Amino acid sequence: MKPVKKLGIWMDHSIAHIMEFTSDPFEIKTIESKFSHQKKMESLVKSESLMHNKEQQELPSYYKKLSDVIKDYKRVLLFGPTDAKVELFDILCEDQRFSNIKIEIKETDKMTANQKNAFVREYFSKE
């Protein structure tokens with residue numbers, strides 16, 4: 001029987017750290033949103049509504065890149081400190097292509113790379 005492909009994604013609105021769960025030490029890949037912290041601050045100085053408009057324009061392409069990665073897995077853990085993981089989860093739930101993928105959400109704080117690895121390893125090792 002082929003092992004189930006498992007993926008952990010620590011994310012906020014500006015960056016996602018993607019970790020495939022394997023028995024070897026796993027590598028962290030990164031996907032960045034075009035709506036960086038710097039762009040947020042620049043937009044916010046001009047006006048709050050401009051900042052929200054910019055963010056809403058950039059986030060769909062960020063979530064699309066993440067969904068393109070997720071589609072190849074059977075189990076996915078979305079975790080991180082912001083609502084970005086919930087927003088992505090809602091988008092994935094509306095898309096029929098993700099109906100056979102078990103996606104779970106966990107609230108966490110900011111983490112180091114080692115903490116992210118340990119969190120994903122511990123989460124999937126409990127099965």
Side-chain angles (χ1 to χ4, degrees):
M1 191 165 110
K2 200 165 110 178
V4 174
K5 289 182 76 176
K6 301 171 186 172
L7 186 70
I9 301 177
W10 180 97
M11 64 184 296
D12 60 19
H13 287 98
S14 61
I15 194 163
H17 297 279
I18 300 164
M19 298 152 275
E20 181 175 0
F21 178 73
T22 60
S23 57
D24 301 326
F26 36 87
E27 153 188 356
I28 296 180
K29 296 179 182 158
T30 303
I31 293 179
E32 290 188 50
S33 169
K34 291 181 182 173
F35 190 71
S36 66
H37 181 72
Q38 182 180 349
K39 278 190 180 180
K40 182 177 184 174
M41 291 300 118
E42 290 170 2
S43 301
L44 193 54
V45 167
K46 294 176 184 168
S47 94
E48 191 170 335
S49 66
L50 175 64
M51 181 207 61
H52 290 295
N53 287 340
K54 277 249 189 247
E55 185 177 28
Q56 293 309 315
Q57 291 169 2
E58 302 292 351
L59 285 177
S61 66
Y62 174 57
Y63 292 150
K64 168 89 172 74
K65 288 177 193 172
L66 290 170
S67 65
D68 287 344
V69 171
I70 291 169
K71 72 180 175 12
D72 296 327
Y73 292 84
K74 292 294 178 196
R75 299 272 324 274
V76 177
L77 171 63
L78 303 175
F79 63 109
T82 68
D83 288 337
K85 61 192 171 295
V86 176
E87 293 167 10
L88 177 59
F89 178 79
D90 290 344
I91 290 167
L92 298 174
C93 286
E94 292 175 5
D95 190 329
Q96 199 62 30
R97 295 177 299 162
F98 299 95
S99 61
N100 291 329
I101 300 173
K102 184 177 181 186
I103 303 169
E104 295 183 62
I105 299 172
K106 295 287 181 189
E107 185 72 28
T108 64
D109 293 326
K110 290 196 177 273
M111 303 170 115
T112 66
N114 287 340
Q115 289 171 322
K116 292 170 190 168
N117 274 333
F119 188 81
V120 171
R121 189 169 309 287
E122 184 179 322
Y123 180 82
F124 286 122
S125 294
K126 291 180 180 177
E127 301 173 348

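Keep in mind that what you see is a predicted model, and the values were worked out from it rather than measured. By convention here, the first residue in the shown sequence is residue 1.
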[atom1] of [X] to [atom2] of [Y]: how many Å apart, nearest 0.5 Å?
X: Ser99; Y: Leu92; atom1: OG; atom2: CG; value: 11.5 Å
X: Ser14; Y: Ile31; atom1: OG; atom2: CD1; value: 13.0 Å
X: Ile105; Y: Asp83; atom1: CD1; atom2: CG; value: 9.5 Å

(message) Closer than 3.5 angstrom, by distance alone: can the side chain of Tyr62 be matched with the main-chain N or O of Ala16 as a donor-acceptor pair?
(response)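 Pair found, side chain donor or acceptor close to backbone of Ala16.
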(message) Between Lys85 (side chain only) and Gly80 (backbone N and O only), is there a donor and an acceptor less than 3.5 Å apart?
(response)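 Looks like yes, one N/O pair under 3.5 Å.
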Can you see which heavy atom on [X] is nearest to which on [Y], and at what distance?
X: Lys116; Y: Met111; result: CE-O, 3.2 Å
X: Phe21; Y: Ser125; result: CZ-OG, 3.9 Å
X: Ile101; Y: Tyr73; result: CG1-O, 3.2 Å
X: Pro81; Y: Met11; result: CD-O, 3.8 Å

(request) Would you mind checking if Glu20 and Lys29 are paired as a salt bridge, meaning a charged N to carboxylate O distance below 4.0 Å? (result) no
Please list, chain by chain and in numerical order, all residues satisfying salt bridge (Lys or Arg N to Asp or Glu O under 4.0 Å) with [X], sequence neighbours excluded.
X: Lys110; value: none
X: Asp95; value: Arg97
X: Asp109; value: none

Using the test side chain to side chain contact (heavy atoms under 4.5 Å, CB included), find all partners of [X] that sit at least two apart in sequence or belong to another chain.
X: Ile15; value: Trp10, Asp12, His17, Thr30, Glu32
X: Lys71; value: Phe98
X: Lys106; value: Leu77, Phe79, Phe119, Tyr123

Test item: [X] and [Y] side chains (from C-beta on) under 4.5 Å apart, heavy atoms:
X: Ile9; Y: Ile70; result: yes
X: Val86; Y: Leu78; result: no
X: Arg121; Y: Met19; result: no

(request) Assess whether atom CG of Asp72 is packed by more than 12 heavy atoms of other residues, nucleotides or ligands within 6.0 Å. (result) yes
